[in-house]
Amino acid sequence: MKNKEIADIFYEIAGFLEIKDVKWKPRAYRRAARSIETLSEDIEKIYREKRLEDIEGVGENIRDKIIEYLETGHLEYYEELKKDLPVDFDALTSIEGIGPKTVKKLYQELDVNDIEDLEEAARKGKIADLKGFGEKSEQNILKGLDMAKINQKRMLLGEAFPLVSDIKQRLSDSIYFDKIDVVGSFRRKKPTIGDIDILATSNNPEKAMEEFCNFEDVVEVLEKGKTKSSVIVSDGLEIDLRIIDNESWGSGLIYFTGSKDHNINLRRLSNRKSYKLNEYGLYRKEGEKEKIASVCEKDVYKALNLDYIPPELREDTGEVEAAEGGKLPKLVEIGDIRGDLHMHTNWSDGINSIEEMAKKAEKRGYNYIAITDHGPGAKITDPPQSISDWKKLKEEITRINEKYNLKVLFGAEAEIEKDGIDLVDEIVDMLDLLLVALHRKLSNPTEKLIDVFNRYPVGIWVHPLNRKINKREPLDLNLNKLVNKAKKENISLEINSQPHRLDLPWDLVKKHRNKIDYVINTDAHSVKQLDYLKFGIYQARRGWLEKENILNTRKLDNLQKILTK
DNA sequence: GCCGTTTTCGGCCCGACTGTTTTCAGTCG
Ligand SMILES: Nc1nc2c(ncn2[C@H]2C[C@H](O)[C@@H](COP(=O)(O)OP(=O)(O)OP(=O)(O)O)O2)c(=O)[nH]1
Ligand SMILES: [Mg+2]
Ligand SMILES: [Mg+2]
Ligand SMILES: [Zn+2]
């Protein structure tokens, strides 16, 4: 798939054009790049079917550039720009405080092409001498370079939770803060978050900002003002705080929750209706310019003739248009889930017993769970191996079933291997539910999966792309083909709730939601991890899922199609 | 360069903070 490749070229072109101070084209190229990046099909397929211009933001010009690149592997326009401006735009502008204008100036005046050049120029004190720059700008660049070195990857949503509650606690302990909400990508429940964004009201904004910037773990204050401050705390994590009047709370929430593209879309819509939308409110543009709405989010959306859009949907993937037409989904909620169909115990690599898991599941109010320990092919120390091991496991599950007020299904997480799965038929025949997973690199994985779907009574295909966020890329599978096959064989796809997995990813969940049923599972390896369910729910919501799209919102009687018998 | 419940031409989101400036451009959210 060349989607990413082409998107990256267009992003780079946008950068070059921005340096050249070309108006509006950067915006056009970025828009096209974003569409191509988030495309749910192969751009070469779209090209073959002559549908390139159907892509949002792709017109005649960009269409021709895509064609040129696909046909020749080369894009003259891009090569020319690169020759003209041989700078690493992405790397340079990733330094805090450096944008296109600075890149241009540093290239023209000091021949800075990349980070190394930048560092050298700053260390030698050359930047401070430039017109429009000074001692401080140079120091800031040096600081930015240092930050970029420690600055790690985006943090997992799951890792952010404890940090967020700690920060919230500290702010609410302060006498200067009133309302406090964590917004940005955290509120939208993106799988990873770039920073922590906080919206607050205060009885004394200046004192509040003072206190915030002097928290003990603050290592650097990036900016500090009456309404907005940014700090870096340990590990290079950035925290942005915005303080706003109570009466602007709703519009402030919309602004700071984002996403950026959602905001722009709402603001465009406002303009078309002769309104102006900013973080302070929605205003009429003409006459008295009076305020129409601002106190709560619902008011603002309503004034724009939109249904309330839940934060998880605010990614500009069609939610504004859906909200105009009353076509937003009624999103699944955590209380809709009746059982968890993927968990491990100390019979394989889990740390708790079957009984402990059942007890906790009962406490959570589940009607059913499935114990799904690994088969002998798993790369763990002591999986159940022999048929007699699995018989004992079954007996234990039967015993637990008599003790607790929920149905404990006997399942297994089978490994997909070179030929079939790691469980013999005699074991498969004992099971109530068969999960299959890919954990290894196999040749032709799509074909292997289809073969397994054909040969075994598979119920759920778990963590389908076997990704580990920030660590392992998702598998490159023919998902269209697999979804169609899964549907035919009554196989459901998992949304795995482990914070480092969140797999199937939400954008693909959204794409296939009308073709296949999903199951949201925790894949818990301990009692505690049964509470990971919320992370799976968030991703399902980001994927526009309703209760009806998810099998484990149903009663056990209605799960027949994925059970082995 | 793209696009159209106002449009095929003329818009394209809007505002806070900083540094270097003597009035604002650049960067970022
Ligand atoms: N209107 C408008 N709002 C913006 C813009 N940039 C950012 N915002 C708003 C929407 C964002 O969700 C919010 C927080 O900005 P962030 O840079 O922290 O982005 P966000 O939290 O969405 O993603 P992140 O995980 O931090 O990368 O500020 C912009 O250019 N225009
Ligand atoms: Mg953020
Ligand atoms: Mg931020
Ligand atoms: Zn598992």
Side-chain angles (χ1 to χ4, degrees), chain A residues 10 13-14 17-19 21-35 52-66 77 92-106 127-141 143-144 183-185 194-199 205 209 213 221-231 238-244 248 251-252 254-283 285 304-305 316 320-321 324-325:
Chain A
F10 288 159
I13 289 176
L17 293 171
E18 216 158 37
I19 295 177
D21 219 10
V22 177
K23 301 292 173 213
W24 306 116
K25 289 196 195 184
R27 195 182 182 282
Y29 276 97
R30 288 216 171 87
R31 174 132 188 262
R34 181 180 181 267
S35 299
L52 286 172
E53 271 180 285
D54 293 352
I55 301 171
E56 280 275 318
V58 175
E60 254 180 78
N61 263 283
I62 293 185
R63 176 202 64 193
D64 288 346
K65 290 188 171 64
I66 298 171
Y77 182 64
L92 289 169
T93 54
S94 74
I95 305 296
E96 177 94 37
I98 296 194
K101 293 295 173 318
T102 308
V103 171
K104 181 180 190 178
K105 184 103 184 169
L106 293 175
I127 294 174
D129 296 339
L130 295 178
K131 192 160 165 249
F133 290 73
E135 224 18 80
K136 277 204 171 145
S137 351
E138 187 165 271
Q139 286 310 309
N140 282 338
I141 288 176
K143 271 189 208 161
V183 289
S185 49
D195 65 359
I196 291 177
D197 303 294
I198 300 167
L199 185 72
M209 286 304 187
C213 292
V221 178
L222 296 174
E223 59 181 16
K224 177 164 167 245
K226 288 201 297 289
T227 70
K228 182 185 168 197
S229 296
S230 286
V231 301
E238 182 174 328
I239 305 179
D240 294 338
L241 172 65
R242 187 80 201 250
I243 291 177
I244 204 149
S248 292
S251 41
I254 290 179
Y255 155 68
F256 216 15
T257 297
S259 63
K260 174 183 169 179
D261 292 315
H262 178 82
N263 288 352
I264 291 177
N265 201 349
L266 288 183
R267 288 168 186 214
R268 267 188 18 228
L269 180 71
S270 304
N271 285 333
R272 285 205 300 273
K273 294 179 190 279
S274 276
Y275 294 144
K276 180 178 73 165
L277 176 63
N278 58 29
E279 58 267 52
Y280 302 105
L282 180 70
Y283 303 84
K285 262 190 178 169
L304 289 170
N305 239 328
D316 193 30
V320 174
E321 295 69 22
E324 269 179 317

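Model, not experiment: these values are computed from the prediction. So you know, we letter chains A, B, ... as the sequences are listed, proteins then strands, and number each from 1.
Straight-line distance from the CG atom of A/N263 to the C1' atom of B/dG29: 10 Å, rounded to whole Å. The nearest whole Å value for the distance from the CD atom in A/E18 to the C1' atom in B/dG1 is 14 Å. In this structure, A/D316 atom CG and B/dC13 atom C1' are separated by 12 Å, rounded to whole Å. If you take CG of A/N278 and C1' of B/dC14, they are 7 Å apart, rounded to a whole angstrom. The distance from atom CD of A/E138 to atom P of B/dT18 is 20 Å, rounded to the nearest whole Å. To the nearest angstrom, C1' of B/dG1 lies 16 Å from CG of A/D21. If you take CZ of A/R27 and C1' of B/dC3, they are 10 Å apart, rounded to a whole angstrom. Between the CZ atom of A/F256 and the P atom of B/dC28 there is a distance of 15 Å, rounded to whole Å.
Residue-to-nucleotide contacts include a donor-acceptor pair under 3.5 Å from the side chain of A/R267 to the base of B/dC14. A donor N or O paired with an acceptor N or O is found under 3.5 Å between the base of B/dG29 and the side-chain atoms of A/Y255.
Across all strands, A/I98 comes closer than 4.0 Å only to sugar-phosphate atoms, never to a base (heavy-atom distances). Residue A/E135 is classed as a sugar-phosphate contact, given heavy-atom separations below 4.0 Å to backbone atoms only. If you check every strand for non-hydrogen atoms under 4.0 Å, A/K224 touches sugar and phosphate atoms only. Residue contacts shown for A/P100 are limited to sugar-phosphate atoms, with no base heavy atom under 4.0 Å away.
For the OP1/OP2 pair of B/dC14 and a distance below 4.0 Å, the side-chain nitrogens and oxygens of A/Y283 include no atom meeting the criterion. Of the side-chain N and O atoms in A/T93, none sit less than 4.0 angstrom from OP1 or OP2 of B/dT27. For the OP1/OP2 pair of B/dT18 and a distance below 4.0 Å, the side-chain nitrogens and oxygens of A/S137 include no atom meeting the criterion. Within the structure, every side-chain polar atom (N or O) of A/N271 is placed at least 4.0 Å from both OP1 and OP2 of B/dT6. Of the side-chain N and O atoms in A/T227, one or more sit less than 4.0 angstrom from OP1 or OP2 of B/dC17. The shortest distance between the side-chain N/O atoms of A/N265 and the OP1/OP2 oxygens of B/dC13 is not below 4.0 Å. Distances shorter than 4.0 Å separate none of the side-chain N or O atoms of A/K273 from OP1 or OP2 on B/dT6. The side chain of A/K228 contributes no N or O atom lying less than 4.0 Å from OP1 or OP2 of B/dA16.
Ring-to-base geometry places A/W24 in a stacked arrangement with B/dC12 (centre distance under 5.5 Å, plane angle under 30°).
Salt-bridge formation is not detected for the pair A/D21/A/K104: no Lys NZ or Arg NE/NH1/NH2 atom is positioned less than 4.0 Å from an Asp or Glu carboxylate oxygen. Ion pairing between A/D316 and A/K260 fails under the 4.0 Å rule for side-chain N and carboxylate O. Taking 4.0 Å as the cut-off between side-chain N and carboxylate O, A/K131 and A/D129 do not count as a salt-bridged pair. A/E279 has no carboxylate O lying under 4.0 Å from a charged side-chain N of A/K228, or vice versa, which leaves the two without a salt bridge.
In terms of modelled atom types and a separation under 3.5 Å, the side chain of A/N278 and the main chain of A/G281 share a donor-acceptor contact.
Nucleotide B/dT8 forms a pair with no other nucleotide shown, judged by Watson-Crick or G-U wobble geometry with both contacts under 3.5 Å.
For the pair A/R268/A/R272, a side-chain contact is recorded, criterion being any heavy-atom separation below 4.5 Å from C-beta on.
The side chain of A/R242 lies closest to B/dA16 when the candidates are B/dG1, B/dA16, B/dC14.
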